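Please read the structure below before turning to the comments.
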Number of protein chains: 2
Amino acid sequence: MLLLRCCHSLTRFSPLNTKRYQLAPVIASCAIRLWSSYSSEDQKSHHHAHRLRWRHAVAGLLAGTGAVLAYGLHHHQAEQSGSNEVQTIGKTSALPIYTQEEVTSHRSIEDGVWVTYKGGVYDITEFVAMHPGGDRIMLAAGGALEPFWSLYAVHNQEHVLEILSEYKVGELSLEDQKKQQKVKSSDPFSTDPQRHPILRINSLKPFNAEPPPEILSDSYITPSAIFFKRNHLPVPQVDPDSYQLQVEGLPKGTLTLSLKDLKTRFPKHTITATLQCAGNRRSEMNKVKQVKGLNWGIAAISNATWSGARLRDVLIAAGYSKDEAKWARHVQFEGLDKDVTGTTYGASIPLNKAVSEEGDVLLAYEMNGEELPADHGFPVRAVVPGTVGARNVKWLGKIVVSAEESSSHWQQNDYKGFSPGTDWDSVDFKSAPAIQELPIQSAITTPADGATVDRSAEEVTVKGYAWSGGGREVVRVDVSVDGGKTWQVAQLRSGDKERAPEPSPPPGQAWAWKLWEVTAALPAEAEELEIVCKAVDNSYNMQPDSVPPIWNLRGVLSNAWHRVKVKIREDESEE
Amino acid sequence: MLLLRCCHSLTRFSPLNTKRYQLAPVIASCAIRLWSSYSSEDQKSHHHAHRLRWRHAVAGLLAGTGAVLAYGLHHHQAEQSGSNEVQTIGKTSALPIYTQEEVTSHRSIEDGVWVTYKGGVYDITEFVAMHPGGDRIMLAAGGALEPFWSLYAVHNQEHVLEILSEYKVGELSLEDQKKQQKVKSSDPFSTDPQRHPILRINSLKPFNAEPPPEILSDSYITPSAIFFKRNHLPVPQVDPDSYQLQVEGLPKGTLTLSLKDLKTRFPKHTITATLQCAGNRRSEMNKVKQVKGLNWGIAAISNATWSGARLRDVLIAAGYSKDEAKWARHVQFEGLDKDVTGTTYGASIPLNKAVSEEGDVLLAYEMNGEELPADHGFPVRAVVPGTVGARNVKWLGKIVVSAEESSSHWQQNDYKGFSPGTDWDSVDFKSAPAIQELPIQSAITTPADGATVDRSAEEVTVKGYAWSGGGREVVRVDVSVDGGKTWQVAQLRSGDKERAPEPSPPPGQAWAWKLWEVTAALPAEAEELEIVCKAVDNSYNMQPDSVPPIWNLRGVLSNAWHRVKVKIREDESEE
């Protein structure tokens, strides 16, 4: 803490400009990221004042290494409710009152960076460069800190609040404090849960949103709050005490299970599995030619641990056996979410996936060690690892063993792939199979497209994710900084950096993604980098090179090489 | 037959030139193929005489439709031994004696097309255009008809021999007739079996060869004689009566099985499965940058029916159970083929593939309904459907259930994929997994690269194969005639045209390829077509667009879009 305070003063009053060219690579790479973020947020204002602040930022980062260590050594469990320190901050000042609108107008280095916390308003412009978490802090600019701090429990420490208190400039108006409480209405979406403000919203009703890419690859296990949300209908309100799951279609008749039955009658099984929306990266197809669907970026994919009863065990309890159900080919799922006509969401999966011992299909009641959040299917959802998100039916109400696929719109007339030559006049949805397993996928989460790196940094660190469907393990990610002419192999990881990697899964059961990272030298002559990634799974499936040949009218299965362009800023001679 | 003889006379004496522009599409497409073949065989001789012969050819094909029907209606089972009719042809003439060398010098329309059959020499130049099987007949030019007729049983009919007799021009010298008998030597490959002369040889010792692509897609089930051959070592001579298969590594000790045991103690299981060499299409990688390995074209892939005992059943008989072999992860195979040091060929597959009920791994003793040919592993081989050819160990001597993969060179230091940036100085074979399941693949078998189509044909028929590893079914093949700008969807088939298609396999057990065909209009302005195909499997895996980004130092896994260039010949104004 002392170190943090020390560097804090240091950067405010005596920027260490002369050290710029002696930065250790780790700091340089942080600095690049920070710079990239500024540049993309505010590409047209590279004036002198900004340049000066940049020097502060680099110096702050240099000194800030100690702060990162301090945070890392002392972090403890988050406390959700306010602490004594907060009261101290909030109540003892006699500062001006600001409206939320005024706060919101301060969300850049140029205009100042303001945030609110428990009724207080803080101008943290000067602190941004010192933030041990880097430019992530800008995501809260102009808004409340609480949702971010509840996500990143490292902030729940006394010295963090002490630092914050130094930046207090006012109080948030009482009216705006009250507005933070939710207003109910007759809107069918009015009972939808509150969501994390960091999410990038593609559709509000139904709610569809994804986290910022650079946040996504921060955690091997995606925190539930920022796990991408993909709802087709309003979130149903389900009472866990009266909840019933129907299992139908078997000779013994319907089996009805309560939530307690599910939790007590069947062994609890836990897997780590990545879910991906069929429309992930659809925005890249839209750039080729307009498609129908939500304009997802690269983050309609997330990774979590899931616990629940195995579907296999439940089906066997309901009377399933190979001999008893020779006619069966599919297992249908029906959700409790419904539209105004009462039609529920539905989908099905092949029977062999459902009953296979290695299939690991769950009726999950926990996500990341806690009960399922409302947006993720509370109280019970299907988790079908290796299979497109759309079949992982949430708010599960009914399971039907059947000879036929689900007759739902989403199984029959959506979530299918077509040739680029197929248009809405010629499409025959019966001609294509429903998407189940997804193909090999990867994307670059940092740097962002349009970011800038400094020539003096000499190298650029590229990060991303890679995953394949059907339990196929990602075995290699190739990264190019020259648009695909030359390639280097990225380092893969399964698990968070500070922990031991998860053990290698049995063949065919690699349900979780891999995060990857590679550091590439900046080519001497290049003014711009075209950074490209492509992954390979253990069936040696590769991603296609380009988007147009895989374009399809629904914009699904967008898994071409991911490309981002990054500018190299040359050093100025007067420095 | 009458029709055939009739058209024969007709085309010899009165070519139907005036009909050229009224050809039905089916005939036009045959004509294109014939023309293509001539053009690629003999690209520099488009002189007037050739043009005249071309008119004969078209007319012959027009009339030949009836012949095709006649063949189709009357064909019966092949008789391998000589028939009475043959004696009639061979013995009643007093014609000149020719050497094999003289016969071999006649292998083009310009020089004449000669063939031998049971000691007779035939000049079939004039018949070529009338051959109901199209330009396939040119494959026998300058050599013996027997191997082709044994492959295509349709020829074993009286009227075929009658037609042939009309073309007799002499007798083959006795000396050359004797030379057709095999000469033994001390060469370890001297006991290798005789092979079909149609095969394109990539390496003689060990024998590695593939069929011509246009022949490959003629049959859904590839005849064993032309099924691609991929031997790593000399073909071992195995006595079926004393043959023993050892099954080792299980707590109960070694199980020894005779060929009779395999056939009688276990249910006989039959599957149709495509095998593909990891190096199929390596020649396309060689065009990017030299790789190490046999320069395979696009036909190191073939499809056959295989019958034998399930490996699963044999392992259970040897004492395998999940509980008895908790340590087990792999099943190793050892061949009886060995090098001069006594090292045998070896490979392994994951245990879950070997013991899965749906894995369909066979210890096969039959191929296409007959005992295994010597080149394909007589008397017993592993057939691991959905898995790279290299793990389908032939001449199987030993099976070992183990915690480790096979330690063989071919498992550890070969048959692995690497990044295009990895060279022989930097390669670490331990860093990549052994290839097991292969990725999605497809290729164009006709027209051939460099062929020519006639503008008047107005369209071109494109044919090929498509297959994916791991039991993933091919669900779509897209074909482009403009280098990938626009695409149309090909028609897929599972089975031969004259028979009902094979029933759709259960999910995950699509072991056999699909043949495909599409007819595309010739673009009005184009002088050349770049025909491209790409396939999609039911996990929606796609082929990569181009070769350089998947190039690897061993030239394996070459599955980029297949491309052939075809010239369009404009009609001449004087015609």
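Within every chain, numbering begins at 1; the chains are lettered A, B, ... in the order of the sequence lines, protein sequences first and strands thereafter. Note that the structure is predicted; figures quoted are calculated from it, not measured.
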Checklist outcome for this item: Heaviest contributor of heavy-atom pairs below 4.5 Å to chain A, chosen from B:Leu438, B:Asn352, B:Thr387, is B:Asn352
Checklist outcome for this item: Turns out that what part of A:Ile440 lies under 4.5 Å from chain B's heavy atoms comes down to both
Next on the checklist: I'd like to know which of B:Gly386, B:Ser356, B:Pro420 tops the heavy-atom pair count under 4.5 Å against chain A.
Outcome noted: B:Pro420
Checklist entry - For A:Glu358, is it the side chain, the backbone, both or neither that has a heavy atom under 4.5 Å from a heavy atom of chain B? => result side chain
Next on the checklist: What part of B:Glu357 gets within 4.5 angstrom of chain A, counting heavy atoms only: side chain, backbone, both, or neither?
Outcome noted: side chain
Next on the checklist: For the interface with chain B, which of A:Arg472, A:Glu473, A:Gln543 has the highest count of heavy-atom pairs at distances below 4.5 Å?
Outcome noted: A:Arg472
Item to check | Which atoms of A:Ala560 approach chain B - backbone, side chain, both or neither, heavy atom under 4.5 Å | outcome: neither
Next on the checklist: If I compare all heavy atoms of A:Glu437 with all of B:Ser539, which pair ends up nearest, and what's the gap?
Outcome noted: OE1-OG, 2.6 Å
Checklist entry - Which atoms of A:Arg329 come close to chain B, meaning under 4.5 Å heavy atom to heavy atom: side chain ones, backbone ones, both, or neither? => result neither
Item to check | Pairwise distance CG(A:Asn538) to CD1(B:Ile435) - rounded to 0.5 angstrom | outcome: 11.5 Å
Checklist entry - Which atom pair, heavy atoms only, marks the closest approach of B:Tyr540 to A:Ala432? => result OH-CB, 3.9 Å
Checklist entry - Non-hydrogen atoms of chain B under 4.5 Å away: do they reach the side chain of A:Lys353, the backbone, both or neither? => result neither
Checklist entry - Where do B:Gln488 and A:Ser419 land on the side chain to side chain contact (heavy atoms under 4.5 Å, CB included) test, with the steps shown first? => result CA-CA 7 Å; B:Gln488 62 186 103; A:Ser419 175; over 6 Å; no
Next on the checklist: Quick check on A:Gln441 against chain B: is it the side chain, the backbone, both or neither that has a heavy atom closer than 4.5 Å?
Outcome noted: neither
Checklist entry - Where does A:Thr486 contact chain B at under 4.5 Å (heavy atoms): side chain, backbone, both or neither? => result neither
Next on the checklist: I need the minimum non-hydrogen distance between B:Pro549 and A:Lys534, along with the two atoms involved.
Outcome noted: O-NZ, 2.7 Å
Checklist outcome for this item: CD1 of A:Ile550 to CG of B:Asp478, rounded to nearest 0.5 Å, is 11.5 Å
Checklist entry - Is the closest side-chain heavy-atom distance between A:Trp561 and B:Pro544 below 4.5 Å? => result no
Next on the checklist: At a 4.5 Å cut-off on heavy atoms, which part of A:Asn541 comes close to chain B: side chain, backbone, both, or neither?
Outcome noted: both
Checklist entry - With respect to chain A, which residue among B:Pro350, B:Pro548, B:Pro506, B:Pro507 yields the maximal number of heavy-atom pairs within a distance under 4.5 Å? => result B:Pro507
